[in-house]
Amino acid sequence: MISTLISNNVITSSTTNLDITSGISSAYDEYMFVITDFHPVTDGVGLRMYASTDGGSNFNLDAHSTMTKAHHTEANATQFGYHTDGDVAADPIYVMSPEVGNDNDESGAAIIHLFAPANTTYVKHFLIRAAQTISNPGSADVLVGGYFDTTSDIDAVRFDTNNGNIENIYVQMYGIS
């Protein structure tokens, strides 16, 4: 596996979303997004991802996903299981469960694999692994899998939160060959 850095995308002040509208093409059969230092303005939110087939004019593709989460709180409560908030059959998908805290010592990170986005025969599958500090407080390990329900080529993605703005995020996009 060879990874080629395509873009660095950084937000360091409050904004509604981060759009990546160039660099996704048929050049690679897999794209990897490495997200570090996601920090929301609002406490207890999730990072979401949308996809587009028209260069980012519309981010309205239906997605189907499921989420599992293991977490451990500072009060020693533990849980592992299916997370219904991440089970979607619409637009968008959750990259992180909707519990990321906004204290200065709380944040999230994730790796997203988007497979064959330029293929026009099959739907577009993705896998996500995220680590985050949750707002109650504690830590969580999140796994998400699913697909965007389109056979058109995906050429843009958007990241936002389910409530409020993104205060800080760093997203690197790689082509995998």
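In this structure, Phe159 is a member of the same hydrophobic cluster as Ile24, with clusters built from ILVMFWY side-chain heavy atoms closer than 4.5 Å. The hydrophobic clustering, which links ILVMFWY residues whose side-chain heavy atoms are closer than 4.5 Å, places Leu47 and Val144 together. Residue Ile169 is not grouped with residue Ile111 when hydrophobic side chains (ILVMFWY) are merged at heavy-atom distances under 4.5 angstrom, including chains of intermediate members. Residue Tyr174 is not grouped with residue Leu18 when hydrophobic side chains (ILVMFWY) are merged at heavy-atom distances under 4.5 angstrom, including chains of intermediate members. Residues Val157 and Ile6 share a hydrophobic cluster, clusters being chains of Ile/Leu/Val/Met/Phe/Trp/Tyr side chains in contact below 4.5 Å.
In this structure, the separation between CD1 on Ile93 and CZ on Arg48 is 11.0 Å, given to the nearest 0.5 Å. In this structure, Tyr31 OH and Ile154 CD1 are separated by 11.5 Å, a value rounded to the nearest 0.5 Å. Atoms CD and OG, on Gln132 and Ser97 in that order, are 3.5 Å from each other to the nearest 0.5 Å. Interatomic distance, Ile11 CD1 to Phe38 CZ, rounded to the nearest 0.5 Å: 9.5 Å. In this structure, CD on Glu167 lies 11.5 Å from OG1 on Thr161, to the nearest 0.5 angstrom. The CE atom of Met49 lies 8.0 Å from the CD1 atom of Ile35; values are rounded to the nearest 0.5 Å.
Scanning both residues, Thr36 and Ala109, for their nearest heavy atoms gives CA-CB, 4.3 Å. Shortest non-hydrogen contact noted between Ala110 and Ala130 is CB-CB, 3.8 Å. Gly56 and Thr21 get closest at one heavy-atom pair: CA-CG2, 4.3 Å. Between Asp43 and Gly101, the closest heavy-atom pair is OD1-CA, 3.1 Å. Between Val123 and Phe148 the shortest heavy-atom distance is CB-O, 3.4 Å. Annotation for Ser52 and Leu61: closest pair N-CD1, 4.0 Å, computed over non-hydrogen atoms.
Distance alone, capped at 3.5 Å, is enough to place a donor-acceptor pair between the His39 side chain and the Asn102 backbone. For the pair Asn165 (side chain) and Ser14 (backbone), a donor-acceptor distance under 3.5 Å is absent. Judged by distance alone, the side chain of Lys124 and the main-chain N or O of Ala118 form no donor-acceptor pair under 3.5 Å. A distance-only check finds no donor-acceptor pair linking the side chain of His72 to the backbone of Gln79 [under 3.5 Å]. Of the possible donor and acceptor atoms, none in the side chain of Thr151 sits under 3.5 Å from a partner among the backbone N and O of Thr121. Between the side chain of Asp160 and the backbone N or O of Thr16 there is no donor-acceptor pair closer than 3.5 Å. For Asn168 (side chain) and Asp37 (main-chain N/O), a donor-acceptor pair under 3.5 Å exists by modelled atom type. Counting only distance, with no hydrogens or angles, the side chain of Asp103 and the backbone of Asp105 share no donor-acceptor pair below 3.5 Å.
At a threshold of 4.5 Å between non-hydrogen side-chain atoms, the residues Tyr94 and Ile128 do not count as touching. Within the 4.5 Å cutoff, no side-chain heavy atoms of Pro98 are placed close to those of Val45. Between Val34 and Gln172 the shortest side-chain heavy-atom distance falls below 4.5 Å.
Applying the 6.0 Å contact sphere to CG of Asn104 captures no more than 12 heavy atoms from other residues, nucleotides or ligands.
By the 30° and 60° cut-offs, the orientation of the rings of Phe59 relative to Tyr50 is perpendicular.
For Arg129 and Asp141, the salt-bridge test passes: some basic side-chain N is under 4.0 Å from an acidic carboxylate O.
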Phe33 and Val171: CA distance, side-chain angles, deciding distance, side chain to side chain contact (heavy atoms under 4.5 Å, CB included) verdict: CA-CA 6 Å; Phe33 301 87; Val171 181; 4.2 Å; yes
